[in-house]
Asks: 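Have a look at the structure that comes next, please.
Sequence lines set the chain letters: A, B, ... in the order given, protein chains first and strands last, and positions in each chain run from 1.
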Amino acid sequence: MDTEERPTNFIIEAVAEDLKIGRFNYVRTRLPPEPNGYLHIGHVKAFLIDYYTAEAFGGELYLRFDDTNPAKEETEFVEAIEDDARWLGIRWVKVTFASDYFDRLYEWAIRLVKKGLAYVDDQTAEEMSASRGTLPRGTKWSETESALKPGIESPYRNRSVEENLDLLERMKNGEFPEGSRVLRAKIDMAHPNLVMRDPVMYRIMRVPHHRTGDKWCIYPMYDWSHGQNDSMEGITHSLCSNEYIIHRPLYEWFLEQLGEFKTRQIEFSRLNLTYAMMSKRKVRKLVEAGVVRGWDDPRLTTLRGLRRRGVTPEAIKDFIALVGETKNDSWVGMGQFEACIRDDLNKHSPRRMAVLKPLKLVIDNYPPPPKYYRLYPGNEVRLRYAYLITCTSIVRDPGTGAVTEVHCTYDPATRGGDAPDGRKVKSTIHWVSAEHAIKAEVRLYEQLFTVENPDVGDDLDSIINPNSLEVLTNCFVEPSLVEAKPGDKFQFERTGYFCVDLDSAPGKLVFNRTVTLRDTWAKIEQKQG
RNA sequence: UGGGGCGUGGUGCAAUGGCAGCACAUCAGCCUUUGGAGCUGAGUAUCUUGGUUCGAAUCCAGGCGCCCCAGCCA
């Protein structure tokens, strides 16, 4: 990756300005994944922005797992995320965890309590929600008749510092049941930004943590952890998606009150890709329901799925570069991604010949429509790298009418494919020798979903494309592919880009179609109806 | 509209007060031992109204549209 080739963007410009005015004299960013699932294409944009921004200034990148909710997180995902990110080509200087800072964070919380800026609230979750000054959950903003109402201050809001300190200590020691109390920042229950209406800092959870075990009974919320960890690590720029814009005032309020190092948060728009499911929850449902074969199913846009499908890190990075970095809400078409995949594969894939559907190839378009140049009775074509042949007749199955044989004559003078008399043929077709070719299984993929945005709605069954996978077991590939190993990539001439699947084994070749070639013929066909 | 964010060809991104450009997609042509790849050309855009200015996508004011927020999720 050549840094100079990447265009500048508003984040790079903002960071450059910070350096220029002396707000910081170095650059350090962080990747902030929550280890609760596998990485997908949507995460890649954020990862690459963090990586490139640091790289552009000779800065450092930390990989920090945001493990503040033990109910959802597992070590398995930590390893998978590191593996996927490394595969992409991202490099970091150290790996840290939000849980590394639980002790220090607790000290900071005590500081706020002592300053009278945080208190223990005994209200139930329902009471807190009701007193926030808004309509019940589930109500649409459009159904809101009047302006947002101020919240109601908790009856526990003015407890003494001593009592708060005592209660917090006992929360930490596990003296209270789960959900019975929280620590809240004392800010402003009438604030127009709901995030500032006394946000929760700690909640009681009797759940073992994948790294700290049973040590803690209270766990910090995102707002009371992320910015503090950024500050503790000397992160200069905390880059995140637009949904955190409204959290920035709180992010800054905490660091201001604490008097600690002030990281700057900058937001950008997340990636929306058509036909891609970004919701981890929903992808999990597909996996569990057996709609796909696993988290690495080649039809998924998880990094593992893309990798298995044969998509390269370079193609993914090219795509992200092309998408750019802005705050605009936008949708990028899957076709754009596929163009990047083809572009990279075209440059790097060795060409091979493979016949996927030996007979159908010929019969589909007979009698020939206009502009059809391939093999049909009376027409001469070139067998790629071999001879010019002329079709003389076809043999059909008397019962079905399907073509079972195509008879041709070859011109012995055209060895290699050139005619001594200089005559041209309009078409060259690929072939394999029936005597030498080896058999293979080929898996063809189409979009998994029938709708552009599979993340909306909950009726998954209605949006699944029933034809997203077609398995061909009667394919023949040229003998040189006998040595091909899982992950190897090829272009099957005139057909598409393919890679050897994980299921492949000696004597049992399995290929995935990564993406088809651009197909001008398909367009002509479409237009002709 | 309680607060916040965003509006440039079909899609995504540039232009940072000075000829609206790039990529993908589309269309036309050239070339081709992949109907692939490559090459050439074309069409299509500044949400709107007003203001400032010699000059506005850019600055200002109003309007319109879309998105985000009322978890003890991140």
Asks: If you find the nucleotide of RNA chain B closest to T495(A) and the one closest to N193(A), which residue's nucleotide is nearer the 5' end?
Replies: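 Comparing both residues, the 5'-ward one is N193(A).
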Asks: Any salt bridge linking D343(A) with K347(A)? Criterion: basic side-chain nitrogen under 4.0 Å from a carboxylate oxygen.
Replies: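 Salt bridge present between D343(A) and K347(A).
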Asks: Please work out if T326(A) contacts a base, only the sugar-phosphate, or nothing of the nucleic acid, heavy-atom cut-off 4.0 Å.
Replies: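 Answer is sugar-phosphate: T326(A) comes under 4.0 Å of backbone atoms only.
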Asks: With both distances kept under 3.5 Å, what pairs with U48(B), Watson-Crick or G-U wobble?
Replies: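 G62(B) - that is the nucleotide pairing with U48(B), both distances being under 3.5 Å.
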Asks: I want to check one thing: is the phosphate of C13(B), taken as OP1 and OP2, less than 4.0 Å away from some side-chain N or O of S330(A)?
Replies: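 Checking C13(B) against S330(A), a side-chain N or O does come within under 4.0 Å of OP1 or OP2.
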Asks: Could you tell me whether K523(A) contacts a base, only the sugar-phosphate backbone, or nothing, with contacts defined as non-hydrogen atoms closer than 4.0 Å?
Replies: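 Here K523(A) touches the backbone only, sparing every base.
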Asks: Can you tell me if R270(A) touches the phosphate of C6(B), counting only side-chain N or O atoms and a distance under 4.0 Å to OP1 or OP2?
Replies: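 Indeed not, no polar side-chain atom of R270(A) lies that close.
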Asks: Contact class for S269(A) (heavy atom, under 4.0 Å): base, sugar-phosphate, or nothing?
Replies: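 Touches nothing.
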Asks: Hey, does M205(A) reach any base, or is it just sugar-phosphate, or nothing, if we go heavy atoms under 4.0 Å?
Replies: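 Nothing, no heavy atom under 4.0 Å.
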Asks: For Y385(A), which contact category applies under a 4.0 Å heavy-atom criterion: base, sugar-phosphate, or nothing?
Replies: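 If one applies the 4.0 Å heavy-atom cut-off, Y385(A) turns out to touch a base.
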Asks: By the 4.0 Å heavy-atom rule, please label Y244(A) as base, sugar-phosphate, or nothing.
Replies: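 Y244(A): base contact, heavy atoms under 4.0 Å.
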Asks: Does any non-hydrogen side-chain atom of W253(A) lie less than 4.5 Å from one of I187(A)?
Replies: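 Yes - at least one pair of side-chain heavy atoms lies under 4.5 Å apart.
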Asks: Rounding to a whole Å, what distance do you find between I11(A):CD1 and A14(B):P?
Replies: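 Answer to the nearest Å: 11 Å.
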Asks: Quick test of your reading of the model: are D50(A) and R30(A) salt-bridged, counting only N-O distances below 4.0 Å?
Replies: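 Salt bridge between D50(A) and R30(A), a charged N being under 4.0 Å from a carboxylate O: yes.
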Asks: Using a heavy-atom cut-off of 4.0 Å across all strands, would you classify E338(A) as base, sugar-phosphate, or nothing?
Replies: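 Nothing: the residue E338(A), judged by heavy atoms under 4.0 Å, touches no strand.
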Asks: Reckon V200(A) touches a base, only the sugar-phosphate, or nothing at all at heavy-atom distances under 4.0 Å?
Replies: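 The residue V200(A) makes sugar-phosphate contact but no base contact.
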Asks: Rounded to whole Å, please give me the gap between CG in D329(A) and P in G7(B).
Replies: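 It works out to 9 Å between those atoms.
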Asks: For Q336(A), report the nucleic acid contact type (base, sugar-phosphate, nothing); a contact means any heavy atom under 4.0 Å.
Replies: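 Answer is base: heavy atoms of Q336(A) come under 4.0 Å of a base.
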Asks: Quick check: do Y385(A) and E493(A) have side-chain heavy atoms less than 4.5 Å from each other?
Replies: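 Yes, side chains in contact.
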Asks: With both distances under 3.5 Å as the test, what is the Watson-Crick or G-U wobble partner of U8(B)?
Replies: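 Per the H-bond distance test, none.
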Asks: Centre of F492(A)'s six-membered ring, under 6.0 Å away, within 45 degrees of the axis: is that where NZ or CZ of R352(A) sits?
Replies: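 Relative to the ring axis of F492(A), which defines the angle, R352(A) lies outside at least one limit.
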Asks: Dump the pairs, protein N or O against N or O of nucleotides 36-44 of chain B, anything under 3.5 Å, distances to one decimal.
Replies:
unit_1	atom_1	unit_2	atom_2	d
G36(B)	OP1	T520(A)	OG1	2.2
A37(B)	OP1	R518(A)	NH1	3.4
A37(B)	OP2	R518(A)	NH1	2.6
A37(B)	O2'	N346(A)	ND2	3.3

Asks: So H247(A), base contact, sugar-phosphate only, or nothing? Heavy-atom distance under 4.0 Å.
Replies: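 Base contact - H247(A) has a heavy atom under 4.0 Å of at least one base atom.
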Asks: Pairing check on G17(B): which nucleotide meets the Watson-Crick or G-U wobble criteria with it, both distances under 3.5 Å?
Replies: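 G17(B) is unpaired by these criteria.
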Asks: Counting the atoms with a prime plus P, OP1 and OP2 as sugar-phosphate, which does D223(A) contact under 4.0 Å by heavy atoms, base, sugar-phosphate, or nothing?
Replies: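 The residue D223(A) makes no contact with any strand.
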Asks: Which listed nucleotide (A74(B), C24(B), C73(B)) is nearest to the side chain of Y222(A)?
Replies: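 My answer, after comparing the listed nucleotides, is A74(B).
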Asks: Under 4.0 Å between a side-chain N or O of R132(A) and OP1 or OP2 of C72(B)?
Replies: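 For R132(A), the contact criterion (side-chain N or O under 4.0 Å from OP1 or OP2 of C72(B)) is met.
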Asks: Examine C6(B): is either OP1 or OP2 under 4.0 Å from a nitrogen or oxygen in the side chain of N328(A)? Give yes or no.
Replies: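 Answer is no, no contact under 4.0 Å.
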Asks: Starting at the 5' end of RNA chain B and moving along, which residue's nearest nucleotide shows up first, R382(A) or V332(A)?
Replies: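 It is V332(A), whose closest nucleotide lies nearer the 5' terminus.
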Asks: At under 4.0 Å between heavy atoms, what does I246(A) touch on the DNA or RNA strands: base, sugar-phosphate, or nothing?
Replies: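 If one applies the 4.0 Å heavy-atom cut-off, I246(A) turns out to touch a base.
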Asks: Could you tell me the Watson-Crick or G-U partner of A56(B), where both distances fall under 3.5 Å? Say none if there is no partner.
Replies: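 Because no pair has both required distances under 3.5 Å, A56(B) counts as unpaired.
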Asks: Quickly work out the Y251(A) OH to G4(B) P distance and round it to whole Å.
Replies: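 From Y251(A) OH to G4(B) P: 21 Å.
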Asks: Scan every strand shown for a Watson-Crick or G-U wobble partner of A74(B), both distances under 3.5 Å, and answer none if you come up empty.
Replies: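 The answer is none; no pair meets the criterion.
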Asks: Only one of H226(A), R248(A), Q265(A) forms a side chain to side chain contact (heavy atoms under 4.5 Å, CB included) with C240(A), so which one is it?
Replies: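 The single option meeting the side chain to side chain contact (heavy atoms under 4.5 Å, CB included) with C240(A) is Q265(A).
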